[in-house]
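These figures come from a predicted structure and were not determined experimentally. Just so you know, these numbers use all the heavy atoms, side chains as well, and skip hydrogens, waters and symmetry mates.
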Amino acid sequence: MATPLSPQSGTPVSPFKTIAVVGLGTMGTGITEVLAKAGREVIGIDISEAQAAKSLAALEASTARCVERGRLTEQARTDALARVRTSTDLAAAADADLVIEVTPESYEIKHQIFRELDGIVRPETILATGTNALSVTRLAADSARPERVLGLHFFNPAPAMRLVEVVSSVLTAPQAVAAVTDLAIELGKEPVAVGDRPGFVADGLLFGYLNQAAAMYEARYASREDIDAAMRLGCGLPMGPLALLDLIGIDTARTVLEAMYAESRDRLHAPAPILKQLSEAGLTGRKSGRGFYTYEAPGSAAVVPDALTPADGAAQATGRPVRSVGVAGSGTMASGIAEVFAKAGYDVVLAARSEEKAQAAKARIGKNLARSVDKGRLTAEAAAQILDRIAPAGSYDAFADVDLAVEAIAEDLEVKRQLFAALDKICKPGAVLATTTSSLPVVACARATSRPQDVIGMHFFNPAPAMKLVEVVRTVLTADDVHATVREVCTKIKKHAVDCGDRAGFIVNALLFPYLNNAIKMVQEHYASLDDIDAAMKLGGGYPMGPFELLDVVGLDVSLAIEKVLHREFRDPGLAPAPLLEHLVAAGCLGRKTGRGFREYARR
């Protein structure tokens, strides 16, 4: 039932006029600010008088910044601060209508607080835990009022993040859930209803992904900088996973993962050993001044160079000269790559299986350039010059004189192998041969030639003209100067190159698709809805798209194929494609391209 409004003022008449916040760390302070600005009387409680004072000082500074930025009037700030009082005694919560506990992630600490609160608060008071890793059901069962206990999981920083997960157990009264949900809406938040399992929705999906990134780094598959850059540029994420682990706290992440693993027994949730090693060494991230990265000082966000920081201008092989580029294929990726190279000043041969397909691909580039002219990004003259650099060809024989041949045909290993065998005979000695595969072994393409040392992976992302990332994939046979050539070319075409080895998924897909698969499992198990999961990841994780929006854009058939490759390569049961994904693909529901995937779309 919605909270009624006062007819005189239009302000909510909420059952929660006085709210106690237990634990005044960063999260508790943020929640206190949100509540006070929304007109609630707030009792901040912390066992440390110094911490309570620190929290008040942080609150004063934060609200002062709001005034400076025009988000709050000086009078509203004064009123909000007047609504906050602090105490070191839990008994101060006696008059609270709602208690929000945000103490350290320790069951023993939280259990003790809830047990004491049972003897302090009124019978109708609701008790909410801010845990993101521990069992709400267990805390409720040990309480004298289990029907009044639930989870209320804010995200950091609480004043800015809109998502709130409202967590009910099998013991929680629906009226308690409804009242807290209404409060979240009044606070300007977007509440998502979830059941009680470690990590809930947002952290449940996020921490599995972070754990895999840590394991990838620990295996020395890619550098920390390249892993983070790949996920920022390849997926549009606000932070890379290792930088995010440092921000969250590596010890906190380990605690969450241990709770998730205890529940799921999924190896993907078993904390990577490096998380334990860093935690036990006190290298917990930003708060300690060092984690995956080194920071200027404890608590600082400024990264400083350390022994692992790549040296500028580090000695590497000299690349081969590249003046002309051949692009094989006629689809969206091939035409996008041809456009990228032509814009960078290269002469491009765009070859397809027929002259008609090659001309159609060039026409697609022409339309794309025309849109850039219409939007003022290019002059008509520059667009014409770019298009003139692209020569369409109906045969790969036109690659005879290119210095770099880039294959962007169907994601079928046998088809690619046949093309590389042909390129081996057509291309001149010393030409670099690159595949844009996103999931197949590059070395298999290399072994189809008599010059495997000249073969490398260049995984562009769609749409190639807009996406800044290229994954540069070396095989065990790739020559140093071939690797250097591709790195130099990436710089010239204004792409950010990241290095990785030749294994399924490379960096981005190896981290992205298990996350998407886990989201599907949540829906399959009726844990949460598509809309709630998408909202949770966009609002709580800063993702540009929710997992189901992204799956429908990528194509469910493409997603299933990548999932199968990852499962086959790593043989981890947790990577097995979710049956729901397989069923949708079998039914022809492939996403936006067919008008129906996880959602239905209007036919064009």
What one should report as the nearest heavy-atom pair of Gly28 and Val21 is O-CG1, 3.7 Å
Any chance you could measure Ile45, atom CD1, to Ile113, atom CD1, to the nearest 0.5 Å? 9.5 Å
Under a 4.0 Å N-O cut-off, is there an ion pair linking Glu105 with Lys110? yes
Excluding sequence neighbours, so at least two apart, what forms salt bridge (charged side-chain N to carboxylate O under 4.0 Å, His left out) with Arg290? none
What heavy-atom pair brings Ala504 and Val565 nearest, and what distance separates the two atoms? CB-CG1, 3.7 Å
Do other residues, nucleotides or ligands put more than 12 heavy atoms under 6.0 Å from Arg122 CZ? yes
Closest approach of Leu98 to Ala128 (non-hydrogen atoms, all atoms of both residues): CD1-CB, 4.2 Å
Counterpart residues, side-chain hydrogen bond (donor to acceptor under 3.5 Å, both in side chains), relative to Glu218 (two or more places apart): none
Within 45° of the ring axis of Tyr261 and under 6.0 Å from its six-membered ring centre, is that where the NZ or CZ of Arg265 lies? yes
Can a side-chain donor-acceptor contact be found between Thr172 and Ser169 if the only test is distance below 3.5 angstrom? yes
Straight-line distance of Thr103 OG1 to Ile47 CD1, nearest 0.5 Å: 9.5 Å
Rounded to the nearest 0.5 angstrom, the CZ-CG distance for Phe570 and Leu575 is 7.5 Å
Where the side chain of Arg148 meets the backbone of Ala176, is there a donor-acceptor pair that is under 3.5 Å apart? no
Go through the side-chain N and O atoms of Gln75 and Thr73 and say whether any donor and acceptor fall under 3.5 Å apart. no
Under 4.0 Å between a Lys/Arg side-chain N and an Asp/Glu carboxylate O for Lys521 and Glu525? no
Which residues satisfy the side-chain hydrogen bond (donor to acceptor under 3.5 Å, both in side chains) test with Arg254, sequence neighbours excluded? Glu258
Is the shortest side-chain heavy-atom distance between Asn509 and Ser439 below 4.5 Å? no
With a 6.0 Å cut-off (strictly less than), is the heavy-atom count around CG of Leu283, excluding the residue itself, greater than 12? yes
At what distance, to the nearest 0.5 angstrom, does CD1 of Ile31 lie from CD1 of Ile100? 5.5 Å
My understanding is that only residues two or more places apart in sequence, or in another chain, count here; which of them pass side-chain hydrogen bond (donor to acceptor under 3.5 Å, both in side chains) with Glu68? none
To the closest 0.5 Å, what do you measure between CG (Leu560) and NE2 (His583)? 11.0 Å
Taking every non-hydrogen atom, the tightest pair across Ser168 and Val177: CB-CG2, 3.7 Å
State, without any angle test, whether Asp142 and Tyr107 hold a side-chain donor-acceptor pair at a distance under 3.5 Å. yes
For residues 534-553, which side-chain donor-acceptor pairs fall under 3.5 Å, sequence neighbours excluded?
residue	atom	partner	partner atom	Å
Asp534	OD1	Phe548	N	2.9
Asp534	OD2	Glu549	N	3.4
Asp534	OD2	Arg599	NH1	2.9
Asp534	OD2	Arg599	NH2	2.9
Lys538	NZ	Glu549	OE1	3.0
Glu549	OE1	Gly546	N	2.9
Asp552	OD1	Phe598	N	2.9
Asp552	OD2	Phe598	N	3.3
Asp552	OD2	Arg599	N	3.1
Asp552	OD2	Tyr601	OH	2.5

Among Leu171, Val167, Val194, side chain to side chain contact (heavy atoms under 4.5 Å, CB included) partner for Val136: Val167
Closest approach of Phe292 and Arg224, non-hydrogen atoms and distance? O-NH1, 2.8 Å
For residues Glu116 and Gln112, is any side-chain donor paired with an opposing acceptor at under 3.5 Å? yes
Taking only residues two or more places apart in sequence or in another chain, which ones pass side-chain hydrogen bond (donor to acceptor under 3.5 Å, both in side chains) with Thr125? none
Can you name the nearest heavy-atom pair linking Val67 to Arg77, along with the distance? CG2-CD, 3.7 Å
Taking the side chain as everything from C-beta on, heavy atoms only, tell me whether Asn211 gets closer than 4.5 Å to Leu268. no
Geometric class of the Tyr515/Tyr209 ring pair [parallel <30°, tilted 30-60°, perpendicular >60°]: tilted
Passing option when Leu24 is tested against Thr86, Leu56, Thr88 for side chain to side chain contact (heavy atoms under 4.5 Å, CB included): Thr86
Below 4.5 Å, heavy atoms only, C-beta onward: do Leu206 and Leu244 meet side chain to side chain? yes
At what distance, to the nearest 0.5 angstrom, does NZ of Lys189 lie from OG1 of Thr181? 15.0 Å
Taking atom types as modelled and ignoring hydrogens, do the side chains of Asp196 and Thr137 form a donor-acceptor contact shorter than 3.5 angstrom? yes
